[in-house]
Peer 1: 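Starting off with a structure, shown below.
Below, chains carry the letters A, B, ... as their sequence lines are ordered, and counting in each starts from 1.
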Protein chains: 2
Amino acid sequence: MSETRDKIRFAAMRLFAQKGYGSTSVADILQAAGVNAGSLYYLYPGKQDVLLDVLDTYLAGIHPMLLAPAWAEISDPVERVFALLRRYRSALESTDCTYGCPIGSIALELHEPDPPVRERLAANFDAWVAAIEQCFVDAGDRLPSDLDRRALAVFALTTMEGGVMLSRTHRTLDDFDTAVAMLRSHVDLLLARA
Amino acid sequence: MSETRDKIRFAAMRLFAQKGYGSTSVADILQAAGVNAGSLYYLYPGKQDVLLDVLDTYLAGIHPMLLAPAWAEISDPVERVFALLRRYRSALESTDCTYGCPIGSIALELHEPDPPVRERLAANFDAWVAAIEQCFVDAGDRLPSDLDRRALAVFALTTMEGGVMLSRTHRTLDDFDTAVAMLRSHVDLLLARA
DNA sequence: GTCTATAACCCGATAGAC
DNA sequence: GTCTATCGGGTTATAGAC
C-alpha cells in the first residue's frame, strides 16, 4: 500500500515549501501526514530520502501540475512565459509573500556538497528553463533571429527567483512586480527589434 | 575589550556565508573564533543576536568594503553596475560556486516571521538597490528620460541573486554569466534608445 | 506494514568558580 | 571578562512487539 507513502510525500512537500527543509522535523512530517515513525522509516531510509522523493515529484509534475494549468487558456508563446510568472505571483499573494518557489528555497538552503539533492534541484531548474526556452523558440521570427532563446529563458528564471527572494524579504509584491515588468520591457524591446 | 566580539563577529560572518545560519552551530563559531561559550553568551544574548550583528556589519560595510573596492578604477556609472556584479562572480569563482551573496542566502533561509532579522535583510537589499539606482541616475540622459531608475536597479539585484542561485546549484558560472549578459543587452538596448 | 518506546546524539543556553 | 562542566530539550533514527 503506497497510500502511506503518498501521505508522507504530500505532507513533506507542503512543509518543506512552508518552513524549509532544515526547519521541518521528521516529527512535523509524521504529525501532518498522520503516520507513525515506524512507517516512515520502513518506507524511506531517512529524512533526506523524503526530500529526494519530493524533488522527483516536483520534476514529474512540472508539466501536468505547473505548466498545463498556467497555459490552459493561453496559446501565445510569449504570453505563456508571463502567465507562468503570474502563477508564482499568485502563490506569493495568497501566502502573504511567505511562499515562493519551493525549488529555489531549497536550493539556497543547501550548503553541503550533497550531490543527490543538488542533482535533482538542477534537473528541476533545467526542465523549467527548457519549457520557457521552447516558448521563445515557438515565438519564431517575432524575436530576433540571433537571439539566444535559452539565455533568455535563464534570464526569466533568475528574474522570477530573484523577485521571489526580494518579495519574501520585504513582504510586498512590489519587487516581484518590478522585476517582471522589467523583463516584460526587455522582451518588448526584443519584439520591436525583430 | 571588544577584540573578542570582533573575533566572534568575523568567524560568524565567514561561517554563515559558507554553511548558512541554520547549519552553523554556536560550537562552530566558538571553535572558529577561538573563544569559549561563556564569552559569547556574555557578549550576546543568544545566537540570533550574533546574526543581527553580522547583518549590521554587512550594512555598515556596503560602501567601504563592497562598493569602494569594486569601483576604485571605474568612473563610468553604467560600468560600475557591471563592475559590482563582477565582484559576485569573483566570489563564486574563487569558491567553486559555493559562496554567493551572503544576504541572499540568509534571506531564503528565513521562514519564520522573525521581524528583526528580516528588517536587516531588507535594509541591506535597500542599500544595494539605492547605490545602483544612483549609478543609473548618474548616467543621466544616456538612458531614456522616462526610465524608472530604481526599477532597473531592482532588476540588477534580481539578476545577480537569481544568477547566484542557479550557479550555486549547477556549480558552474554559466548561468550567472548568462543572466548578466542578458542584463547587459537590456541596458545596451536602453542606451541605444535614449 | 504499523505501532510505541527509546536510544544516541547534538543543540542552544546556563551556572558558578575564577 | 573568561573558563569548564553541564542542563534540558529536540533531533534523527532504531528496536522489537504486534
Peer 1: Return the value, rounded to whole Å, for the distance between atom NZ of K47(A) and atom P of dA13(D).
Peer 2: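 K47(A) atom NZ is separated from dA13(D) atom P by 8 Å.
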Peer 1: Reading DNA chain D from 5' onward, which residue's closest nucleotide shows up sooner: G46(A) or V35(B)?
Peer 2: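 The residue whose closest nucleotide sits nearer the 5' end is V35(B).
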Peer 1: The criterion is salt bridge (charged side-chain N to carboxylate O under 4.0 Å, His left out); which residues satisfy it with D56(A), sequence neighbours excluded?
Peer 2: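 Salt bridge (charged side-chain N to carboxylate O under 4.0 Å, His left out) list for D56(A), sorted by chain: R120(A).
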Peer 1: Quickly, which of I106(B), L59(B), D114(B) forms a side-chain contact (heavy atoms from CB on, under 4.5 Å) with L121(B)? Name it, please.
Peer 2: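 With L121(B) as partner, side-chain contact (heavy atoms from CB on, under 4.5 Å) holds for just one option, I106(B).
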Peer 1: Which of these nucleotides, dA5(C), dT2(D), dA13(C), is closest to any side-chain atom of Y41(B)?
Peer 2: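 In terms of side-chain proximity for Y41(B), the closest of dA5(C), dT2(D), dA13(C) is dA13(C).
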Peer 1: Angle between the end axes of the helix from dG1(C)-dC18(D) to dC18(C)-dG1(D), five pairs per end, to the nearest 10 degrees?
Peer 2: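 The end axes of the helix from dG1(C)-dC18(D) to dC18(C)-dG1(D) are about 10° apart, to the nearest 10°.
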Peer 1: Could you check whether G38(B) gets within reach of a base, just the sugar-phosphate, or nothing at all, counting any heavy atom under 4.0 Å?
Peer 2: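 Result for G38(B) = base.
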Peer 1: Without decimals, in angstroms, what is the distance between Q48(B) CD and dG12(C) C1'?
Peer 2: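 To the nearest whole Å, that distance equals 13 Å.
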Peer 1: Measuring from the side chain of S39(B) (C-beta onward, heavy atoms only), which nucleotide among dT2(D), dT14(D), dT14(C) has the closest atom?
Peer 2: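 The answer is dT2(D).
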Peer 1: Nearest whole angstrom, please: distance from the P of dG1(C) to the OH of Y42(A).
Peer 2: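 Roughly 5 Å, once rounded to whole Å.
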Peer 1: Compare the minimum distances between each of dA5(C), dT2(D), dT2(C) and the side chain of T4(B), then state the nucleotide with the smallest one.
Peer 2: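 Of the candidates, dT2(D) comes closest.
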Peer 1: Can you tell me how far the CG atom of D177(B) sits from the CG atom of L85(B), to the nearest 0.5 Å?
Peer 2: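 Output value for this atom pair is 11.0 Å.
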Peer 1: Table please: side-chain donor-acceptor pairs of residues 185-194 of chain A below 3.5 Å, with sequence neighbours left out.
Peer 2:
residue, atom, partner, partner atom, Å
S185(A), OG, M182(A), O, 3.2
H186(A), ND1, H186(B), ND1, 3.0

Peer 1: For F82(A), does the six-membered ring have the charged nitrogen or CZ of R184(A) within the cation-pi criterion, i.e. under 6.0 angstrom from the centroid and within 45° of the normal?
Peer 2: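 Yes, R184(A) sits over the ring of F82(A).
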Peer 1: Would you check, one step at a time, whether the test side-chain contact (heavy atoms from CB on, under 4.5 Å) holds for V117(B) with Q48(B)?
Peer 2: CA-CA 8 Å; V117(B) 176; Q48(B) 175 169 303; 3.9 Å; yes
Peer 1: Between dG1(D) atom C1' and I8(B) atom CD1, what is the distance in whole Å?
Peer 2: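 Those two atoms, CD1 and C1', are 11 Å apart.
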Peer 1: Tell me which donor-acceptor pairs under 3.5 Å the side chains of residues 146-161 of chain A have, and how far apart each pair is, sequence neighbours excluded?
Peer 2:
residue, atom, partner, partner atom, Å
D148(A), OD1, R150(A), N, 3.1
D148(A), OD1, A151(A), N, 3.1
R149(A), NE, F136(A), O, 3.3
R149(A), NH1, P144(A), O, 2.8
R149(A), NH1, L147(A), O, 3.2
R149(A), NH2, G140(A), O, 2.7
T158(A), OG1, F155(A), O, 2.9
T159(A), OG1, F155(A), O, 2.8

Peer 1: I'd like a table of donor-acceptor pairs (distance under 3.5 Å, sequence neighbours excluded) in which one partner is a side-chain atom from residues 7-19 of chain B, with atom names and distances.
Peer 2:
residue, atom, partner, partner atom, Å
R9(B), NH1, D53(B), OD1, 3.1
R9(B), NH1, D53(B), OD2, 3.0
R9(B), NH2, D6(B), OD1, 2.5
K19(B), NZ, S23(B), O, 3.4
K19(B), NZ, D28(B), OD2, 3.0

Peer 1: Where along residues 14-34 of chain A does a heavy atom come under 4.0 Å from DNA chain D, residue by residue in number order?
Peer 2: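 Contacts with DNA chain D under 4.0 Å: T24(A), S25(A), V26(A).
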Peer 1: When the distance from NZ of K7(B) to C1' of dT2(D) is rounded to whole Å, what number comes out?
Peer 2: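 Taking NZ of K7(B) and C1' of dT2(D), I get 11 Å after rounding.
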Peer 1: Whole angstroms only, please: what is the CG-C1' distance between L40(B) and dA15(C)?
Peer 2: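 In whole Å, dA15(C) C1' and L40(B) CG are 16 Å from each other.
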Peer 1: Tell me the interatomic distance from L43(A), atom CG, to dG1(C), atom P, rounded to whole angstroms.
Peer 2: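 Those two atoms, CG and P, are 8 Å apart.
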Peer 1: Is the backbone N or O of Y21(B) less than 3.5 Å from a side-chain atom of E109(B), with the two atoms forming a donor-acceptor pair by type?
Peer 2: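 Confirmed, E109(B) side chain pairs with Y21(B) backbone.
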Peer 1: Between P on dT2(D) and OH on Y44(B), what's the gap in Å once rounded to a whole number?
Peer 2: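 Taking atom P of dT2(D) as the reference, OH of Y44(B) is at 12 Å.
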